[in-house]
Amino acid sequence: MSKTAELSIDGKTYTLPVFTGTENEMAIDIGKLRDQSGIVTLDPGYKNTGATTSAITYLDGDNGILRYRGYSIEELAEKSTFIEVAYLLIFGELPGKDQLQRFRNDIKTHTLVHEDVKKILDGFPSTAHPMGVLASLFCSQTAFYPESLDPNRASEGVYMSIIRSMAKMPTFAAWAYKNAIGHPVNYPDNSLEYCSRFMKMMFALPAEPYVVDPVISSAIDKLLILHADHEQNCSTSTVRMVGSSQASIYSSISAGINALWGPLHGGANQEVIVMLEAIAKDGGNIDKWIAKAKDKNDPFRLMGFGHRVYKNFDPRAKIIKKAADDVLGKLGVKDPILDIARNLEDIALRDSYFIERKLYPNVDFYSGIIYRALGIPVEMFTVMFAIGRLPGWIAQWKEMRENKEPIGRPRQIYTGQKERQYVPITKR
Ligand code: ACO
């Protein structure tokens with residue numbers, strides 16, 4: 001028998017259906033509550049609101065579990081590749097050999113971007129943050145592929161938008177970086193795989209040979225897997241919200257890139273390095289910075305700490321911490337920032353302020369350190385996150401369209417002035 005919940009207000013009782021997910025998560029379905037009672041629910045920041053049902057990612061924040069389509073993040077990070085994981089997220093199953101080959105080849109065929117994109121890029125000053133450039137270049141694809149403006153067209157058209165998004169993302173990302181340093185852009189080398197192709201576009205200099213370091217390319221591949229999806233977070237909810245108005249996939253994802261940019265979301269990985277460098281410059285006095293983070297009169301927060309959903313540990317942070325040790329060891333990089341990060345983590349995890357609030361290192365705490373060791377400049381950290389998150393955004397957009405979800409339109413409780421008379425300016 002299906003479960004129900006009862007809500008009593010002003011002497012009236014309403015019976016509400018309860019929805020149970022695959023992992024026995026329960027939600028009270030309040031979809032019809034307003035029609036029955038005129039009452040809405042209030043939940044700023046959607047802290048306890050399920051905005052959708054989804055079959056893509058399972059996350060249990062209390063137990064530190066993250067699974068894509070049922071597969072644990074630990075297993076995928078160890079055994080899979082980013083392109084395989086992208087296929088899994090977008091199409092629901094791990095690809096067979098032929099499916100993977102086709103997906104990979106289709107992506108390779110579309111890595112070039114229209115030459116006019118360079119004119120758009122040229123319009124940006126080199127002071128432009130690469131995330132802003134990336135979001136703009138991504139959205140500009142609506143102009144080059146106007147058929148994408150109709151997201152309801154046949155599935156082959158949607159498939160092409162997915163392929164183009166995956167294929168062009170590394171090109172846009174590397175070009176945004178080249179613009180920031182005032183260098184000419186590199187074109188994609190399709191003899192290389194996804195991450196190596198991106199690295200060559202990022203780092204190759206004119207007339208100089210560039211050889212991809214396999215340690216770096218496989219570390220990037222792993223980082224992208226860890227970032228590939230994270231259910232209904234700020235940027236993903238943005239993609240679904242924008243897409244719910246039947247905007248194109250390119251504009252929906254461009255909106256997601258902008259949402260990811262903020263320092264409380266994907267922008268935190270850049271902020272972590274800024275913070276660790278500031279602590280180092282300040283003489284490495286970690287206790288002083290912990291005290292600042294605890295001081296309610298000081299806006300400073302320990303960047304890379306805390307998470308809306310994980311209240312035990314972030315499984316991605318565990319994998320990244322180990323990967324940081326491996327990669328720095330293999331590359332022979334000694335980074336004093338890493339020691340500060342380890343000490344900071346040690347002290348914070350023993351401090352009652354962080355223990356009581358269940359604040360643990362999140363994915364961004366160590367990812368910035370690896371990116372730094374791999375030679376990725378700090379202003380590109382959030383762009384790296386966006387490259388990783390792209391298949392998740394695509395999968396969530398596709399699911400939302402296939403489920404024919406209605407346009408997203410929350411309610412509010414008005415707290416402003418009651419109706420009043422207009423006062424002419426001479427009498428104010
Ligand atoms: N440093 C110090 N105190 C913190 C931190 C932090 N990093 N994070 C949360 N707190 C405190 C808050 O001040 C609050 O304390 P109070 O109860 O005494 O008022 C309590 O912990 C709860 O914090 P909220 O802000 O209510 O938690 P919320 O779930 O809204 O925020 C967030 C989560 C935004 C991630 C927050 O922990 C934060 O700002 N962290 C730093 C930024 C960061 O690392 N973001 C990346 C998140 S991962 C990602 O998006 C990929």
Side-chain angles (χ1 to χ4, degrees), residues 42-49 57 59 61-62 64 66 68 73 77 131 223-239 256-279 286-321 340-341 344-371 378 381-393 396:
L42 183 63
D43 182 20
Y46 310 121
K47 290 195 176 197
N48 196 38
T49 294
T57 289
L59 203 169
D62 294 327
L66 174 62
Y68 300 158
I73 190 65
M131 279 297 275
L223 285 163
L224 298 188
I225 293 175
L226 295 178
H227 283 108
D229 195 50
H230 212 234
E231 50 118 301
Q232 310 310 313
N233 54 79
C234 175
S235 55
T236 301
S237 302
T238 301
V239 170
I257 295 170
N258 280 316
L260 186 74
W261 191 359
L264 296 191
H265 192 12
N269 54 15
Q270 175 170 343
E271 295 303 320
V272 168
I273 295 296
V274 171
M275 173 186 79
L276 294 173
E277 279 174 344
I279 298 175
I286 291 170
D287 290 336
K288 176 179 153 190
W289 288 77
I290 296 259
K292 262 168 80 62
K294 287 161 40 176
D295 181 355
K296 293 290 167 204
N297 297 317
D298 188 326
F300 173 74
R301 279 188 167 199
L302 218 51
M303 298 314 286
F305 257 76
H307 198 277
R308 171 61 61 79
V309 183
Y310 292 121
K311 300 299 175 194
N312 182 330
F313 63 90
D314 180 339
R316 302 165 303 171
K318 266 194 172 176
I319 301 171
I320 291 197
K321 187 177 176 186
I340 293 184
L344 191 66
E345 182 187 354
D346 268 5
I347 295 173
L349 292 183
R350 281 187 276 111
D351 190 300
S352 59
Y353 174 95
F354 294 91
I355 295 169
E356 279 159 18
R357 289 168 181 77
K358 301 185 175 174
L359 300 171
Y360 293 86
N362 60 49
V363 68
D364 287 326
F365 193 66
Y366 283 101
S367 63
I369 292 168
I370 299 206
Y371 284 137
V378 75
F381 288 3
T382 317
V383 171
M384 299 305 296
F385 193 154
I387 300 175
R389 184 52 56 85
L390 179 65
W393 288 332
Q396 301 269 350

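Because only heavy atoms are used, hydrogens play no part in the values below, and waters and symmetry mates are left out as well, while side chains stay in. All ligand and atom numbering here is 1-based and tracks the order in the structure.
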Exercise. Crowded around Asp295 CG? As in, over 12 foreign heavy atoms under 6.0 Å?
Worked result: yes
Exercise. For Lys294, does the NZ atom sit with more than 12 other heavy atoms under 6.0 Å from it, leaving out its own atoms?
Worked result: yes
Seminar exercise, completed: Residue pairs passing the salt bridge (charged side-chain N to carboxylate O under 4.0 Å, His left out) test with at least one member in residues 381-390, sequence neighbours excluded, are none
Problem set entry | Residues forming a ring pair (Phe, Tyr, Trp, His ring centres under 6.0 Å) with Phe300, sequence neighbours excluded | Trp289
Problem set entry | Exam field: side chain Asp314 to backbone Val363, donor-acceptor pair closer than 3.5 Å | yes
May I have every N or O pair linking ligand 1 to the protein at under 3.5 Å, one per line with atom names and distance?
{"unit_1": "ligand 1", "atom_1": "1 (N)", "unit_2": "Leu302", "atom_2": "N", "d": "3.1"}
{"unit_1": "ligand 1", "atom_1": "3 (N)", "unit_2": "Tyr353", "atom_2": "OH", "d": "2.8"}
{"unit_1": "ligand 1", "atom_1": "7 (N)", "unit_2": "Leu302", "atom_2": "O", "d": "2.7"}
{"unit_1": "ligand 1", "atom_1": "7 (N)", "unit_2": "Phe305", "atom_2": "O", "d": "3.0"}
{"unit_1": "ligand 1", "atom_1": "13 (O)", "unit_2": "Lys296", "atom_2": "NZ", "d": "2.9"}
{"unit_1": "ligand 1", "atom_1": "13 (O)", "unit_2": "Arg301", "atom_2": "NH2", "d": "3.3"}
{"unit_1": "ligand 1", "atom_1": "15 (O)", "unit_2": "Lys296", "atom_2": "NZ", "d": "3.1"}
{"unit_1": "ligand 1", "atom_1": "15 (O)", "unit_2": "Arg357", "atom_2": "NE", "d": "3.2"}
{"unit_1": "ligand 1", "atom_1": "18 (O)", "unit_2": "Lys296", "atom_2": "NZ", "d": "3.1"}
{"unit_1": "ligand 1", "atom_1": "18 (O)", "unit_2": "Arg357", "atom_2": "NE", "d": "3.0"}
{"unit_1": "ligand 1", "atom_1": "18 (O)", "unit_2": "Arg357", "atom_2": "NH2", "d": "3.0"}
{"unit_1": "ligand 1", "atom_1": "25 (O)", "unit_2": "Arg301", "atom_2": "NH1", "d": "3.1"}
{"unit_1": "ligand 1", "atom_1": "25 (O)", "unit_2": "Arg301", "atom_2": "NH2", "d": "3.0"}
{"unit_1": "ligand 1", "atom_1": "26 (O)", "unit_2": "Lys47", "atom_2": "NZ", "d": "3.4"}
{"unit_1": "ligand 1", "atom_1": "29 (O)", "unit_2": "Arg308", "atom_2": "NE", "d": "2.8"}
{"unit_1": "ligand 1", "atom_1": "30 (O)", "unit_2": "Lys47", "atom_2": "NZ", "d": "3.3"}
{"unit_1": "ligand 1", "atom_1": "30 (O)", "unit_2": "Arg308", "atom_2": "NH2", "d": "2.9"}
{"unit_1": "ligand 1", "atom_1": "39 (O)", "unit_2": "Arg301", "atom_2": "NH1", "d": "2.8"}
{"unit_1": "ligand 1", "atom_1": "40 (N)", "unit_2": "Phe305", "atom_2": "O", "d": "2.9"}
{"unit_1": "ligand 1", "atom_1": "44 (O)", "unit_2": "Gly304", "atom_2": "N", "d": "2.8"}
{"unit_1": "ligand 1", "atom_1": "44 (O)", "unit_2": "Asn362", "atom_2": "ND2", "d": "2.9"}
{"unit_1": "ligand 1", "atom_1": "45 (N)", "unit_2": "Leu264", "atom_2": "O", "d": "3.1"}
{"unit_1": "ligand 1", "atom_1": "50 (O)", "unit_2": "His265", "atom_2": "ND1", "d": "2.9"}

Exercise. What residues form a ring pair (Phe, Tyr, Trp, His ring centres under 6.0 Å) with His227, not counting sequence neighbours?
Worked result: Phe385
